[in-house]
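Contents: one structure, followed by commentary.
Values reported hereafter were calculated over all heavy atoms of this structure, with side chains retained and with hydrogens, waters and symmetry mates removed. Keep in mind that what you see is a predicted model, and the values were worked out from it rather than measured.
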Amino acid sequence: MMQNTAISTGFDSRLAQACRQLELQTSEAQRDKLLRYVEQMQRWNRTYNLTAVRDCGQMLVQHVFDSLAVVQPIEAQAAARPLRVMDVGSGAGLPGVVLAILHDQWQVQCVDAVDKKMAFVRQMSGALNLPNLQASHARVEALPPSGCDIVISRAFASLLDFANLAGPHVGEQGALLAMKGKTPQDEIAALHAQGVWHVQRIETLHVPELDAQRCLVWMQRAMQA
């Protein structure tokens, strides 16, 4: 388990409980990696300002639990097949690192324009033994099309901007997923007005220990809708 006992005290049981609430089947090894990820995020944050959240307990809830909340919806869509996933505007690797930890058969690429944040994700790939996790320091629109099954973002941009910038990386049968707070009705209207992408469905997310509205917006190309 984590070496820093001040950080780990009570976190393992809280994490296990959150996984049960989210109906996620996780191993002790996977939960250990998630806790080590929080530990390293806090350590790097002192120097590199990876996230505005400073407290480890808040990191656990606002970052890890929040990212865990999208796993089951993606699993349901994947139907047990391996996925190619791109996490756009990934920051410290959220939700990309979490997805890579829980599904070693998924190939996860984190993309961010801030080099120090991708350096942290590359470090996590090695330190947590995640060969399925890659980090790309780039603007997503500058990368060649990736043909991904899932392109996901967490507080990256409006739905329209996200679709315009990251849409080229979605494979023919793939989907764009935006993690949001309240249902972004104005953003949905702007997206539909352009006519290229369409909101397929909106799933309400219940994040353990978080008293805030969260939802997952699924988008497909309009011709698929």
Side-chain angles (χ1 to χ4, degrees), residues 1-46 48-75 85-104 106 108-110 112 117-118 120-130 132-133 135 150 152-156 177-181 203-216:
M1 297 298 290
M2 293 165 59
Q3 298 300 310
N4 190 329
T5 56
I7 293 177
S8 62
T9 300
F11 278 30
D12 50 355
S13 60
R14 288 172 63 189
L15 177 57
Q17 174 65 16
C19 290
R20 286 192 293 270
Q21 291 178 13
L22 294 168
E23 300 181 353
L24 296 174
Q25 300 296 323
T26 58
S27 66
E28 183 178 352
Q30 288 172 322
R31 294 192 298 274
D32 178 58
K33 287 183 179 182
L34 289 170
L35 294 177
R36 288 164 57 196
Y37 174 48
V38 173
E39 179 190 33
Q40 290 300 314
M41 196 186 311
Q42 189 198 42
R43 182 174 296 175
W44 277 60
N45 213 36
R46 297 175 189 141
Y48 294 100
N49 193 31
L50 298 176
T51 168
V53 179
R54 300 294 178 183
D55 177 74
C56 269
Q58 292 182 1
M59 285 182 179
L60 186 70
V61 176
Q62 296 182 32
H63 291 333
V64 174
F65 291 1
D66 190 54
S67 296
L68 286 171
V70 305
V71 176
Q72 198 279 334
I74 296 174
E75 288 176 347
V85 180
M86 177 180 284
D87 174 16
V88 179
S90 183
L94 298 155
V97 173
V98 173
L99 298 178
I101 289 172
L102 264 66
H103 282 279
D104 58 11
W106 294 359
V108 180
Q109 180 184 11
C110 293
D112 201 280
K117 294 181 178 180
M118 291 299 91
F120 173 69
V121 173
R122 282 191 290 272
Q123 176 68 18
M124 291 302 94
S125 178
L128 301 178
N129 189 25
L130 299 172
N132 61 321
L133 175 66
I150 297 290
I152 191 167
S153 74
R154 179 176 181 264
F156 170 64
L177 275 63
M179 299 170 66
K180 293 285 186 177
E203 292 188 56
T204 300
L205 301 177
H206 300 286
V207 180
E209 299 188 32
L210 184 64
D211 184 19
Q213 290 183 281
R214 301 290 285 150
C215 69
L216 184 63

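A search for salt bridge (Lys or Arg N to Asp or Glu O under 4.0 Å) contacts involving Asp66 returns Arg154, Arg214, not counting sequence neighbours. Every ring-ring contact (aromatic ring centres under 6.0 Å, His included) that Trp106 has, sequence neighbours left out, goes to His103. Residues satisfying the side chain to side chain contact (heavy atoms under 4.5 Å, CB included) criterion with Gln123, sequence neighbours excluded, are Trp44, Ala127. Under the rule for a salt bridge (Lys or Arg N to Asp or Glu O under 4.0 Å), the partners of Lys180 that lie at least two apart in sequence or sit in another chain are Glu187. In this structure, the side chain to side chain contact (heavy atoms under 4.5 Å, CB included) partners of Ser27, at least two apart in sequence or on a different chain, are Ala29, Gln30.
Between Leu177 and Val70 the shortest side-chain heavy-atom distance does not fall below 4.5 Å. Between Pro73 and Leu205 there is a side-chain heavy-atom pair separated by less than 4.5 Å.
When each of Asp32, Leu94, Leu130 is paired with Tyr37, the side-chain contact (heavy atoms from CB on, under 4.5 Å) condition holds for Leu94 and for no other. The one candidate from Leu102, Ile152, Val85 that meets the side-chain contact (heavy atoms from CB on, under 4.5 Å) condition with Ile74 is Ile152.
Between the side chain of Ser153 and the backbone N or O of Ala178 there is no donor-acceptor pair closer than 3.5 Å. Side-chain atoms of Tyr48 never come within 3.5 Å of backbone atoms of Phe120 as a donor-acceptor pair (strictly under, hydrogens ignored). The closest donor-acceptor contact from the side chain of Thr26 to the backbone of Arg31 lies at 3.5 Å or more, if one exists at all.
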Would you please test Leu24 and Glu75 for side-chain contact (heavy atoms from CB on, under 4.5 Å) and show each step? CA-CA 10 Å; Leu24 296 174; Glu75 288 176 347; 4.2 Å; yes
Using the side-chain contact (heavy atoms from CB on, under 4.5 Å) rule, take Leu99 and Asp87 through it: C-alpha gap first, then chi angles, then the decisive distance, then the call. CA-CA 10 Å; Leu99 298 178; Asp87 174 16; over 6 Å; no
Quick one: do Asn45 and Met59 satisfy side-chain contact (heavy atoms from CB on, under 4.5 Å)? Show the steps, please. CA-CA 11 Å; Asn45 213 36; Met59 285 182 179; 3.8 Å; yes
side-chain contact (heavy atoms from CB on, under 4.5 Å) between Gln58 and Arg54: does it pass, once the steps are laid out? CA-CA 7 Å; Gln58 292 182 1; Arg54 300 294 178 183; over 6 Å; no
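Of all heavy-atom pairs spanning Met118 and Cys110, the tightest one is SD-O, 3.4 Å. Minimum heavy-atom separation, Gln21 to Pro208: OE1-CB, 3.3 Å. Heavy-atom minimum distance, Cys19 versus Leu68: SG-CD1, 4.2 Å. For Leu210 against Gln62, the heavy-atom pair with the smallest separation is CD1-CG, 4.3 Å. Nearest approach of Asp112 to Ser90, heavy atoms of both residues: OD2-N, 3.4 Å. Nearest approach of Phe65 to Leu22, heavy atoms of both residues: O-CD1, 4.3 Å.
One distance of note links CG of Leu35 with CD of Glu28; it measures 10.0 Å at 0.5 Å rounding. For the atom pair CG of Leu133 and CE of Met124, the computed distance is 10.0 Å after rounding to the nearest 0.5 Å.
Among pairs with a residue in residues 91-104, none fulfils salt bridge (Lys or Arg N to Asp or Glu O under 4.0 Å), at least two apart in sequence or across chains.
Between the side chains of Arg20 and Gln17, at least one donor N or O lies within less than 3.5 Å of an accepting N or O.
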